[in-house]
Amino acid sequence: MNDWFENESFWVQYAPIMFDTSRWKEASAVAEGIFTLAGIGRPPQELKIFDAGCGLGRIAVELAVLGAQVTGVDLIKPFLDAAAEAAAAENVTIKWVQADLREFVRPAAFDIAVNMYTSFGYCKTIEEDALIIRNIAQSLKKGGCFILEMVGREIAVRDFTPGEWFERAGYTVLTDFTVEGAWEGLRSHWQLYTKDGLKADHTFVQRLYAATELRQLMLSAGFTSVEIYGDFDRSPYNERARTMILVGCK
């Protein structure tokens with residue numbers, strides 16, 4: 001049986017809900033923030049970036065617009081097709097690769113790797129997640145850095161809600177959430193309704209990591225140092241953090 005995140009129909013149906021207008025509007029600022037976190041100003045054209053789990057190319061395209069050479073890797077073919085269209089619309093060239101991050105490795109090929117918008121923790125086991133981080137570490141040049149952004153366990157606990165409903169992309173969206181184990185994961189149940197009734201119903205579980213747990217995974221994968229922040233401006237990861245960002249240097 002395939003893992004839930006290998007289901008193309010799920011991603012295609014839920015993409016308008018997950019990647020709404022506000023997510024696209026923030027892409028340019030996120031791309032700028034990536035270079036800030038990496039300690040780089042305007043990127044030279046030879047800078048090579050690996051967008052691991054690039055999805056619709058939201059961030060990859062903006063990184064390319066800023067001048068970097070970008071390779072976007074994702075498992076979902078319809079996402080890559082849409083990403084290629086977005087790149088063409090911006091007149092930038094990006095290498096798109098359909099691959100599983102548990103298998104994709106290009107030794108010492110990239111200066112920076114990124115994994116954005118909670119695109120991590122999908123696997124059934126911590127060992128598989130650790131494998132992804134090792135593959136990313138191996139794909140970076142010496143001195144390269146990996147920037148990972150996701151909802152940390154601390155933020156999930158702080159902001160937990162049992163569910164909500166909202167209108168988006170022509171749907172009424174109903175969600176309910178339950179905790180897996182000792183806050184090891186979050187089970188999300190999403191239902192999409194139109195005026196004609198229920199159109200989609202999907203449940204998935206995503207692993208939750210504390211910041212210190214992820215830092216240890218990255219150190220064990222070969223990164224020599226890992227800094228933790230609460231936003232792209234390098235603000236602290238504390239009770240006011242908006243998100244969780246780890247920056248690992250090789």
Side-chain angles (χ1 to χ4, degrees), residues 26-55 57-74 92 94-97 99 101-121 129-152 155 209-238 241-250:
E26 72 180 10
S28 178
V30 170
E32 293 279 5
I34 286 169
F35 293 122
T36 297
L37 289 168
I40 297 171
R42 189 78 176 179
Q45 290 187 348
E46 64 269 16
L47 190 70
K48 295 182 179 179
I49 300 182
F50 167 24
D51 188 349
C54 63
R58 191 174 59 102
I59 305 303
V61 170
E62 293 296 334
L63 291 170
V65 167
L66 290 173
Q69 296 181 33
V70 183
T71 297
V73 179
D74 205 279
V92 293
I94 296 175
K95 296 177 182 178
W96 303 108
V97 181
L101 293 175
R102 292 170 293 188
E103 300 171 358
F104 180 85
V105 181
R106 287 195 179 168
F110 304 103
D111 301 289
I112 298 173
V114 300
N115 181 271
M116 298 282 106
Y117 192 36
T118 312
S119 300
F120 186 77
D129 285 346
L131 174 60
I132 290 173
I133 294 178
R134 287 199 303 274
N135 288 345
I136 290 172
Q138 291 175 26
S139 296
L140 286 170
K141 299 174 184 177
K142 183 175 177 58
C145 73
F146 171 39
I147 301 170
L148 186 155
E149 184 265 330
M150 67 180 295
V151 174
I155 293 177
Y209 284 97
T212 52
E213 291 175 330
L214 262 183
R215 177 168 59 190
Q216 188 54 53
L217 277 183
M218 291 173 70
L219 290 171
S220 298
F223 291 96
T224 58
S225 66
V226 180
E227 300 296 330
I228 304 170
Y229 301 105
D231 213 331
F232 288 93
D233 60 1
R234 295 188 179 182
S235 55
Y237 186 64
N238 57 22
R242 184 187 67 84
T243 187
M244 177 176 70
I245 299 175
L246 291 93
V247 182
C249 296
K250 188 176 176 183

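FYI, side chains are in, hydrogens and waters are out, and symmetry mates aren't considered; it's all heavy atoms of this structure.
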Just verifying a value: how many Å separate [X] [atom1] and [Y] [atom2], rounded to the nearest 0.5 Å?
X: D129; Y: L101; atom1: CG; atom2: CG; value: 10.5 Å
X: I133; Y: F120; atom1: CD1; atom2: CZ; value: 3.5 Å
X: I40; Y: C145; atom1: CD1; atom2: SG; value: 6.0 Å
X: M218; Y: L246; atom1: CE; atom2: CG; value: 5.5 Å
X: C54; Y: I49; atom1: SG; atom2: CD1; value: 13.0 Å
X: I245; Y: L214; atom1: CD1; atom2: CG; value: 12.5 Å

How far apart are the closest heavy atoms of [X] and [Y], and which atoms are they?
X: G230; Y: A241; value: CA-CB, 3.7 Å
X: F223; Y: L219; value: O-CD2, 3.3 Å
X: M150; Y: T243; value: O-OG1, 3.3 Å
X: F104; Y: N135; value: O-CB, 3.5 Å
X: I147; Y: I34; value: CD1-O, 3.5 Å
X: L66; Y: A31; value: CD1-CB, 3.9 Å

Are [X] and [Y] packed together at the side-chain level, in the sense that at least one heavy-atom pair is separated by less than 4.5 angstrom?
X: T36; Y: D233; value: no
X: D74; Y: W96; value: no
X: L63; Y: I112; value: no
X: N115; Y: F146; value: yes

Practice item. Could you check I155 against Y237 for side-chain contact (heavy atoms from CB on, under 4.5 Å), going step by step and ending with a plain yes or no? Key: CA-CA 10 Å; I155 293 177; Y237 186 64; 3.9 Å; yes
Review point. Pairs in or reaching into residues 133-150: which pass salt bridge (charged side-chain N to carboxylate O under 4.0 Å, His left out), with residues at least two apart or in two chains?
Key: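 Matches after skipping sequence neighbours: D111-K141.
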Check your understanding: Cation over ring, R58 on Y117, under 6.0 Å and within 45°?
Key ->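 The answer is yes; both the distance and angle limits are met.
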Using a 3.5 Å distance criterion without hydrogens, assess whether the side chain of [X] forms a donor-acceptor pair with backbone atoms of [Y].
X: K250; Y: G222; answer: no
X: S220; Y: L217; answer: no
X: S139; Y: R106; answer: yes

